[in-house]
Structure formats: structure tokens, C-alpha cells
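Structure first, then comments.
Residue indices begin at 1 and follow the sequence shown.
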Amino acid sequence: MPVGPDEPAPWSTAEQLVRTLRVPKGDAPDLVSRIVGEAVRIVPAAEHAGVIVTEPEGKLRTVFASGPVPQQLDELQTAMGTGPCLTAARKQIVVRMHDVAADTRWPDFCRAAKSCDVGSMLCVPLFVDDRMLGTLSFYGEQPDAFRERAEPVARMLATLAAVALADSFQRTRIERALGNRDMIGQAKGILMCRLGVRADAAFEMLRAHSQRTNTKLVTVAERVVETGSLDEAPPTAGG
């Protein structure tokens, strides 16, 4: 099937996606910023693009936005608790706003979008993991800016962004877990040395204090490392 003058050529799109993948490893915002930059170049009529995630407690966080328009509209959706990007993320569906001026689903959002010269939007869901969902959203100045041929490319870019975020967040969790384990190990060592107890007894003391005070185990361990004691206050000099 021939490709129109304003539509991405399949080989060109594939090449640019490969280039986006071949970047030095960095944190999630770095890689997502590259993906969003490619998205604005690749997807026809996209003036702006942005990636948001909804965190477990329901908060909306902008990972990256190509300019002030996505950022401003993301902040509005956070304040209202609703909008096309949030809906795409929470329900994991593609939300198409062919004509923002005529759309009746989110009147307050649509008024704000029109004031930002947004005529149409395409919001593609990201599945990062079971605890974190997101959206890659495209903003066009004209109504009906995103034709059928734009959506498959948008979906590929959304998948790429989701994989990048999932990989980054998994690495962060592993690093945090290793750091917590080291902190707990240090706290155990301090208690073993000060109280003359075995490793399993020292850990049980940490665990029991955590439960008794309704405090995270790693927080209890941090206090022990800082103060040398399970007590709330640091030990006095010579004590």
C-alpha cells in the first residue's frame, strides 16, 4: 500500500526506533526523553508528546514532556483527577480525541487544551507493571490530526517507552533492595558486637522492634547504624 506524503515510511520508522534503542544506558527519564523526541519527529502532525505514569497511590507523575503544553495539561488532570491521559492509563485503552473543541467527555480539560492550541489528541496506554500504568500522549494543533496510519507507530513507541520504564524501575528496586539488605546487615553486626548475641538473635531483635513500633525494618536498621542502639534516642557518651 503506498504511503502518503504526511505518513511515516515503515523502513524509516523502524530505523529511527532502532537508533532510539541504541543509546547508552541511563535512568528512565533520559531514555524516555529520547523516545518522546523521536515520537514528535516520527508521528505525523504531533506538535507535542509526553509520558505520564500513575503510581500505586493513584498520583499522576509526568516522566517527560516535550514542552510546557503536555506538562500544563498533565497538571490539570492531576488536579481534576480525570482526563484523557488518565483514562488511557487507568483503563489501558487508546483514547482518541479527533476534535478537542467538539469532545464532550472532559469539558474543563477541553477548554484548557483549546487555550493551548491543541486541536486533537491521541493517548496510547503503557503497561509498565502491575503497580504502575502510564500513557504516551500526542498533541496536534489541528482537529483530526492523527490518522489511522499514525496509531500503529504510536503503539510501537508506547511499547518501547513501557519497556524502558519497566527495566529502569526494576533496576531501581533491585538496587534499593540490595541497599536495604546491606543496612540490615550492618545493624545486625552492631547489635551482635554490643550485646554479644548471634546473627539470628540480632535479626529477631530488629524484626520485633519493627513490629512493636510499626516501623519499617530498614528504618529500624538505619537508626541502629546511626545511634548504635535500638532505643529511640542515641546512647549518651560513656553509656
Is a donor on one side and an acceptor on the other found under 3.5 Å between the side chain of [X] and the backbone of [Y]?
X: Ser66; Y: Ala49; value: yes
X: Ser120; Y: Ala145; value: yes
X: Thr135; Y: Ala89; value: yes
X: Arg194; Y: Gly228; value: yes
X: Gln92; Y: Leu126; value: yes
X: Gln77; Y: Cys85; value: yes
X: Thr87; Y: Gly83; value: yes
X: Ser229; Y: Thr227; value: no

Worksheet item: What pair of heavy atoms forms the shortest contact from Ala46 to Phe138, and how long is it?
Response: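 Smallest interatomic distance, heavy atoms only, reads CB-CD2, 4.0 Å.
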Worksheet entry | Minimum heavy-atom distance between Ala158 and Val124, given as atom pair plus value |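 Taking Ala158 first and Val124 second, the nearest heavy atoms are CB-CG1, 3.6 Å.
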Which atom pairs, donor and acceptor, lie under 3.5 Å between side-chain atoms of residues 184-193 and protein residues at least two apart or in another chain?
none

Worksheet entry | Partner of Thr62 by side-chain contact (heavy atoms from CB on, under 4.5 Å), out of Thr78, Val51, Val53, Asp74 |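 The single option meeting the side-chain contact (heavy atoms from CB on, under 4.5 Å) with Thr62 is Asp74.
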Worksheet entry | Shared-cluster residues of Trp106, by chain and number - hydrophobic side chains joined below 4.5 Å |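 Noted: Trp106 shares its cluster with Val69, Leu73, Leu76, Met80, Ile93, Val95, Met97, Val100, Phe109, Val118, Met121, Tyr139.
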Worksheet entry | Connected-component partners of Leu133 among ILVMFWY, side-chain separation under 4.5 Å |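 In the cluster with Leu133 are Phe127.
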Separation between [atom1] of [X] and [atom2] of [Y], rounded to the nearest 0.5 Å:
X: Thr54; Y: Arg90; atom1: OG1; atom2: CZ; answer: 7.0 Å
X: Gln71; Y: His48; atom1: CD; atom2: NE2; answer: 12.5 Å
X: Leu86; Y: Cys123; atom1: CG; atom2: SG; answer: 9.5 Å
X: Leu217; Y: Gln211; atom1: CG; atom2: CD; answer: 9.5 Å
X: Glu222; Y: Thr215; atom1: CD; atom2: OG1; answer: 11.0 Å
X: Ser33; Y: Glu38; atom1: OG; atom2: CD; answer: 10.5 Å

Worksheet item: Can you list every pair that meets side-chain hydrogen bond (donor to acceptor under 3.5 Å, both in side chains) and has a residue in residues 107-119, with sequence neighbours left out?
Response: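 As it turns out, the side-chain hydrogen bond (donor to acceptor under 3.5 Å, both in side chains) pairs with a partner in residues 107-119, which skip direct neighbours, are Asp108-Arg111.
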Discussion item. Please determine whether residues Leu136 and Val40 belong to a single hydrophobic cluster, defined as Ile, Leu, Val, Met, Phe, Trp and Tyr linked transitively by side-chain heavy-atom distances below 4.5 Å.
Written reply: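 No, separate clusters.
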Discussion item. Going by the rule side chain to side chain donor-acceptor pair (under 3.5 Å), which residues pair with Arg212 if we only count those two or more places apart in sequence or in a different chain?
Written reply: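 Counting only residues at least two positions away or on another chain, Arg212 forms a side chain to side chain donor-acceptor pair (under 3.5 Å) with His209.
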Practice prompt. Evaluate the criterion salt bridge (Lys or Arg N to Asp or Glu O under 4.0 Å) for residue pair Glu226 and Arg223; output intermediate values, then yes/no.
Written response: CA-CA 5 Å; Glu226 291 173 359; Arg223 183 183 303 135; over 6 Å; no
Discussion item. Using the side-chain contact (heavy atoms from CB on, under 4.5 Å) criterion, which residues pair with Val94? Sequence neighbours excluded.
Written reply: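 side-chain contact (heavy atoms from CB on, under 4.5 Å) check on Val94 returns Arg96, Leu122, Pro125, Glu151, Arg155.
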Worksheet item: Got a salt bridge between Arg207 and Glu204, using NZ or NE/NH1/NH2 to carboxylate O under 4.0 Å?
Response: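 Counted as a salt bridge, because a side-chain N and a carboxylate O are separated by less than 4.0 Å.
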Discussion item. Within the 4.5 Å heavy-atom criterion, are Val224 and Leu206 side-chain neighbours or not?
Written reply: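 Val224 vs Leu206: side chains touch.
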